[in-house]
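Predicted model only: the values in this text are computed from it and were never measured.
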Amino acid sequence: MTEIFDYTSCRQLAQMFLAIAFFHSSEYVLAAVIHGISNVTLKSLRISKSYLLAMIFSLLEYVVEIVLFPGLKEHWWISNTGLAMVLIGEIIRKMAIITAGRAFTYLIKIKREEHHKLITHGVYQFVRHPGYCGFLIWSVGTQIMLCNPISTVAFAIVVWHFFAERILYEDYFLMHFFGSEYLEYAQQTPSGLPFVK
């Protein structure tokens with residue numbers, strides 16, 4: 001059981017908890033700054049029951065593997081690759097939020113609002129859905145950082161599937177709001193998720 005408290009596990013778990021804390025607190029702060037503090041609730045922390053269960057599962061996998069297969073967690077190049085992915089995903093997502101401003105919401109808009117305009121500059125000139133792209137990279141990166149093989153695959157599949165469906169739904173409304181302008185933009189700009197046009 002001493003493996004649980006060695007340098008490797010302390011470093012990896014500390015990085016994981018810091019990544020989670022920073023991700024959610026910064027999402028909350030940005031929501032408050034962009035949409036106004038009166039429009040922000042605890043839901044703005046973006047923590048659902050499914051998300052909590054996924055994180056608990058990943059931590060359980062980590063503890064089991066560090067007890068039974070401690071050498072699995074000692075691959076620093078893998079762990080550091082995951083840390084780099086966490087940072088890159090965080091940057092992409094936050095750039096998306098800041099660039100879109102009030103147009104970035106957590107719920108898909110089904111009615112066009114007065115201030116709603118198509119964002120095609122900044123990070124959006126390279127990726128249509130950088131917020132989703134950033135979260136996918138971030139979430140998978142957290143598991144690679146922990147050297148969690150099962151959770152890495154599970155997170156990649158579940159998060160990709162969730163956003164693939166969401167992109168289809170969101171693109172439908174964006175096409176309805178912006179017509180040929182969005183169609184042209186969508187044809188020139190990748191979605192940000194592999195295998196999703």
Side-chain angles (χ1 to χ4, degrees), residues 15 19-20 22-35 43-48 50-51 54-55 78 80-113 115-145 151-197:
Q15 287 174 172
I20 291 170
F22 182 80
F23 179 86
H24 294 289
S25 61
S26 62
E27 294 272 315
Y28 186 87
V29 168
L30 283 173
V33 168
I34 293 168
H35 298 286
K43 287 185 178 182
S44 300
L45 286 171
R46 312 307 308 150
I47 300 173
S48 67
S50 300
Y51 175 84
M55 287 301 177
I78 293 175
N80 289 338
T81 299
L83 177 59
M85 288 175 67
V86 166
L87 295 172
I88 291 166
E90 185 74 59
I91 290 167
I92 293 170
R93 183 163 171 89
K94 295 317 188 264
M95 285 174 59
I97 294 171
I98 292 166
T99 302
R102 289 183 62 203
F104 191 98
T105 58
Y106 297 110
L107 298 174
I108 294 173
K109 295 289 183 185
I110 57 173
K111 287 185 178 179
R112 186 173 180 183
E113 296 176 359
H115 69 275
H116 205 168
K117 60 183 178 184
L118 182 60
I119 310 295
T120 60
H121 63 281
V123 70
Y124 288 87
Q125 65 186 320
F126 306 106
V127 178
R128 274 193 340 266
H129 298 282
Y132 303 158
C133 173
F135 186 82
L136 176 65
I137 294 168
W138 179 88
S139 64
V140 173
T142 62
Q143 300 313 302
I144 293 173
M145 185 173 66
S151 292
T152 295
V153 173
F155 275 49
I157 292 169
V158 170
V159 173
W160 180 89
H161 187 266
F162 175 79
F163 285 134
E165 286 187 351
R166 189 173 169 100
I167 284 173
L168 290 174
Y169 185 68
E170 186 170 352
D171 279 359
Y172 170 81
F173 288 105
L174 289 169
M175 190 82 71
H176 181 71
F177 297 161
F178 303 109
S180 61
E181 184 185 5
Y182 186 75
L183 182 60
E184 184 180 329
Y185 171 64
Q187 288 173 341
Q188 296 173 354
T189 313
S191 70
L193 257 62
F195 314 112
V196 177
K197 195 142 172 89

- prompt: Hey, mind stepping through H116 and F178 against ring pair (Phe, Tyr, Trp, His ring centres under 6.0 Å) and telling me if it holds?
  reply: CA-CA 10 Å; H116 205 168; F178 303 109; 5.6 Å; yes
field: All pairs passing salt bridge (Lys or Arg N to Asp or Glu O under 4.0 Å) where residues 95-108 contributes a residue, at least two apart
entry: none
Search all heavy atoms of [X] against all heavy atoms of [Y] and return the closest pair with its distance.
X	Y	answer
A19	V86	CB-CG1, 3.8 Å
Q143	S151	OE1-CB, 3.1 Å
V196	A164	CG2-CB, 3.8 Å

field: More than 12 heavy atoms from other groups under 6.0 Å of NZ on K94
entry: yes
field: Criterion side-chain contact (heavy atoms from CB on, under 4.5 Å) on T142 and Q15, from CA distance to verdict
entry: CA-CA 9 Å; T142 62; Q15 287 174 172; over 6 Å; no
message: Can you classify the ring geometry of Y169 versus F173 as parallel (below 30°), tilted (30 to 60°) or perpendicular (above 60°)?
response: perpendicular
Give every donor-acceptor pair under 3.5 Å between a side-chain atom in residues 122-141 and any protein atom, sequence neighbours left out.
unit_1, atom_1, unit_2, atom_2, d
Y124, OH, A96, O, 3.1
Q125, NE2, G122, O, 3.3
R128, NE, Y182, OH, 3.2
R128, NH1, A186, O, 3.3
R128, NH1, T189, O, 2.8
R128, NH2, D171, OD2, 3.0
R128, NH2, K197, O, 2.9
H129, NE2, D171, OD1, 2.9
Y132, OH, R166, NE, 2.7
Y132, OH, E170, OE1, 2.3
S139, OG, F135, O, 3.1
S139, OG, L136, O, 3.2

Rounded distance [0.5 Å steps], [atom1] in [X] versus [atom2] in [Y]:
X	Y	atom1	atom2	result
S50	M55	OG	CE	12.0 Å
E181	L118	CD	CG	5.0 Å
I157	T152	CD1	OG1	11.0 Å
S25	I20	OG	CD1	11.5 Å
F162	L193	CZ	CG	11.0 Å
N80	I144	CG	CD1	12.0 Å

- prompt: Backbone N or O of Y51 within a donor-acceptor pair of the S48 side chain at under 3.5 Å?
  reply: yes
- request: Decide yes or no for I98 and F104: does some side-chain heavy atom of the first lie under 4.5 Å from some side-chain heavy atom of the second?
  value: no
- prompt: How far apart are the C-alpha atoms of W160 and F155, what are their side-chain angles, what is the distance that settles it, and do they pass the side-chain contact (heavy atoms from CB on, under 4.5 Å) test?
  reply: CA-CA 8 Å; W160 180 89; F155 275 49; over 6 Å; no
